[in-house]
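The next block holds one structure in the form of structure tokens; read it before the comments.
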Protein chains: 2
Amino acid sequence: MAWTLDDSRPIYLQIEDLIKTNIIAGVYQPGQKLPSVRDLAAEAAVNPNTMQKALSELERSGLVYTQRTSGRFITEDVSKMTELKEQLAREQIQLFLKNMEQLGLSREDIRRLLEKEWKEES
Amino acid sequence: MAWTLDDSRPIYLQIEDLIKTNIIAGVYQPGQKLPSVRDLAAEAAVNPNTMQKALSELERSGLVYTQRTSGRFITEDVSKMTELKEQLAREQIQLFLKNMEQLGLSREDIRRLLEKEWKEES
DNA sequence: ATTATTGTATTAATAAAGTAATACAATAAT
DNA sequence: ATTATTGTATTACTTTATTAATACAATAAT
């Protein structure tokens with residue numbers, strides 16, 4: 001795993017994002033056991049508490065769960081994961097639309113701007 | 001003006017957003033003089049420095065400008081304002097697309113989800 | 001020229017966020 | 001039963017962000 005951290009944002013947030021992305025991308029498979037907090041912390045060269053914070057945040061989202069003394073695991077409930085992804089997507093969309101409306105943009109404006117952006121990206 | 005503030009976010013950010021929204025919505029007209037820092041602060045019942053911070057942040061965006069001792073004004077450069085709006089929109093879009101892609105969603109997925117959201121909103 | 005009004009700079013105080021050190025608790029492994 | 005490994009709680013430290021008090025500087029108004 002890459003653990004490329006900078007000081008632009010809190011460490012624990014960067015870690016959370018990295019792991020979350022890897023889970024969603026399927027790098028970590030459902031049911032797979034994660035390394036221990038201490039091992040992950042060593043790997044990423046951060047304080048164990050920092051890693052702990054990242055992981056417990058991640059847990060709130062339901063992507064991972066803990067079994068008291070045996071460790072942390074990626075949720076094996078695939079439908080839950082799908083559901084979660086959809087919920088995150090919905091939140092993103094609603095925030096986005098709220099911001100765009102605050103700029104006085106109509107639905108048609110938004111459609112047009114998205115297509116334009118995609119066209120420019122190629 | 002409404003000045004409804006809560007403690008969910010820093011005061012100066014909430015103020016910044018309120019004023020920005022009003023400018024973009026045309027409540028404040030181009031060229032219009034804003035009340036003085038002290039007056040605005042009294043109106044919103046905040047410390048003058050807090051208002052000052054909100055306003056100087058707003059200034060960085062180019063929506064308002066200062067004339068040393070006569071006060072602050074809404075930019076009368078309408079094309080600049082349009083330009084700024086477009087830039088803000090572009091930033092929002094790029095952030096949004098980045099986040100959606102991180103969720104593994106394709107362009108077609110995004111189109112579909114937006115239309116769905118709009119349909120549900122009515 | 002003086003005064004009142006404007007924005008700004010400086011500094012301090014307070015609050016919140018982030019990171020770290022250490023001790024605890026539970027249980028799987030032996 | 002003992003030990004090693006796991007996550008967690010508690011506490012303290014440090015840094016950053018936010019708010020506030022106060023003094024300064026420039027100029028429009030008189």
Side-chain angles (χ1 to χ4, degrees), chain A residues 1 3-20 22-23 28 30-77, chain B residues 1 3-20 22-23 28 30-77:
Chain A
M1 175 132 186
W3 306 123
T4 35
L5 307 171
D6 57 57
D7 57 354
S8 68
R9 294 186 307 147
I11 304 295
Y12 80 94
L13 280 182
Q14 297 183 56
I15 291 177
E16 193 186 344
D17 277 358
L18 282 173
I19 300 179
K20 187 192 287 176
N22 279 346
I23 294 175
Y28 287 123
Q32 180 178 345
K33 183 176 186 302
L34 285 170
S36 76
V37 173
R38 290 167 178 79
D39 284 355
L40 282 172
E43 219 187 284
V46 302
N47 186 283
N49 281 311
T50 303
M51 183 58 71
Q52 162 75 15
K53 178 151 188 180
L55 289 169
S56 61
E57 290 287 320
L58 209 48
E59 202 144 345
R60 293 196 315 134
S61 75
L63 281 178
V64 302
Y65 68 95
T66 299
Q67 231 149 19
R68 194 65 178 81
T69 59
S70 47
R72 270 200 182 77
F73 303 84
I74 309 299
T75 182
E76 65 267 340
D77 184 344
Chain B
M1 174 132 187
W3 306 123
T4 35
L5 306 171
D6 57 55
D7 57 354
S8 67
R9 294 186 305 146
I11 304 295
Y12 79 94
L13 280 182
Q14 297 183 56
I15 291 177
E16 193 186 342
D17 277 358
L18 283 173
I19 300 179
K20 187 193 286 177
N22 280 345
I23 295 176
Y28 287 123
Q32 181 178 345
K33 183 177 187 299
L34 285 170
S36 76
V37 174
R38 290 167 179 79
D39 285 355
L40 283 172
E43 218 187 286
V46 301
N47 186 284
N49 281 312
T50 303
M51 184 59 71
Q52 163 74 15
K53 177 150 188 178
L55 289 169
S56 61
E57 289 288 320
L58 210 47
E59 202 144 346
R60 293 197 315 134
S61 74
L63 280 178
V64 303
Y65 67 95
T66 299
Q67 231 149 18
R68 196 65 179 81
T69 58
S70 46
R72 269 200 182 76
F73 303 84
I74 309 299
T75 181
E76 66 266 341
D77 183 344

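None of these values were measured; they are calculated from a predicted model.
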Remember a base hit wins even if backbone is also touched, and classify A/Leu55 as base, sugar-phosphate or nothing at under 4.0 Å, heavy atoms.
nothing
Rounded to whole Å, how long is the line connecting atom CD of B/Gln14 with atom C1' of D/dT19?
14 Å
Nearest whole Å is fine: how far is D/dT15 P from A/Ile11 CD1?
14 Å
Taking donor-acceptor contacts at under 3.5 Å, does the side chain of B/Arg38 reach the base of C/dG7?
yes
If you only use heavy atoms from C-beta on, which nucleotide in C/dT19, C/dT27, D/dT19 is closest to the side chain of A/Thr50?
C/dT19
Quick one: B/Glu16 CD to D/dT19 P, roughly how many Å, whole number?
12 Å
If you only use heavy atoms from C-beta on, which nucleotide in C/dG7, C/dA28, C/dT6 is closest to the side chain of B/Gln52?
C/dG7
Looking at A/Ser70, I'd like to know whether one of its side-chain N or O atoms comes within less than 4.0 Å of OP1 or OP2 on D/dT6.
no
Determine whether more than 12 heavy atoms belonging to other residues, nucleotides or ligands lie under 6.0 Å from atom CG of B/Asp6.
yes
Check whether any side-chain nitrogen or oxygen of B/Gln67 sits under 4.0 Å from OP1 or OP2 of C/dT6, and answer yes or no.
no
Proximal nucleotide (of C/dG18, C/dA26, D/dG7) relative to the A/Ser36 side chain
D/dG7
What's the CD1-P distance between A/Ile15 and C/dA20, to the nearest Å?
10 Å
When rounded to whole Å, the CZ to P distance for the pair B/Arg72 and C/dT6 reads 12 Å
Would you tell me if any nitrogen or oxygen in the side chain of A/Asn49 comes within less than 4.0 Å of OP1 or OP2 on C/dG18?
no
Re D/dA28: Watson-Crick or G-U wobble partner, both distances kept under 3.5 Å, found to be C/dT3
Could you give the OH-to-P distance, from A/Tyr12 to D/dT15, as a whole number of Å?
18 Å
Taking side chain as C-beta onward, heavy atoms only, is A/Thr75 less than 4.5 Å from A/Ile23?
no
Could you tell me how far apart A/Asp6 (CG) and C/dG18 (C1') are, to the nearest whole angstrom?
15 Å
Within-4.5 Å side-chain heavy-atom neighbours: B/Leu63 and B/Ile74:
no
Would you mind pulling out the nucleotide paired to C/dG18, Watson-Crick or G-U wobble, both distances under 3.5 Å?
D/dC13
Roughly how many Å is it from CZ in A/Arg68 to P in D/dT5, rounded to a whole number?
17 Å
Please give the nucleotide sitting opposite D/dT8 as a Watson-Crick or G-U wobble pair, both distances under 3.5 Å, or none.
C/dA23
Spatial distance of atom CD1 (B/Ile15) from atom CD (B/Gln52) [nearest 0.5 Å]
11.5 Å
Picking from D/dT19, C/dA26, D/dG7, the nucleotide nearest the side-chain atoms of A/Thr66 would be D/dG7
Side chain of B/Asn47 (C-beta onward), nearest among D/dA21, D/dG7, C/dT19:
D/dA21
Crowded around B/Arg9 CZ? As in, over 12 foreign heavy atoms under 6.0 Å?
yes
Looking at side-chain heavy atoms only, is the closest gap between B/Tyr28 and B/Ile19 below 4.5 Å?
yes
Is A/Arg9 close enough to D/dT16 that one of its side-chain N or O atoms is under 4.0 Å from OP1 or OP2 there?
no
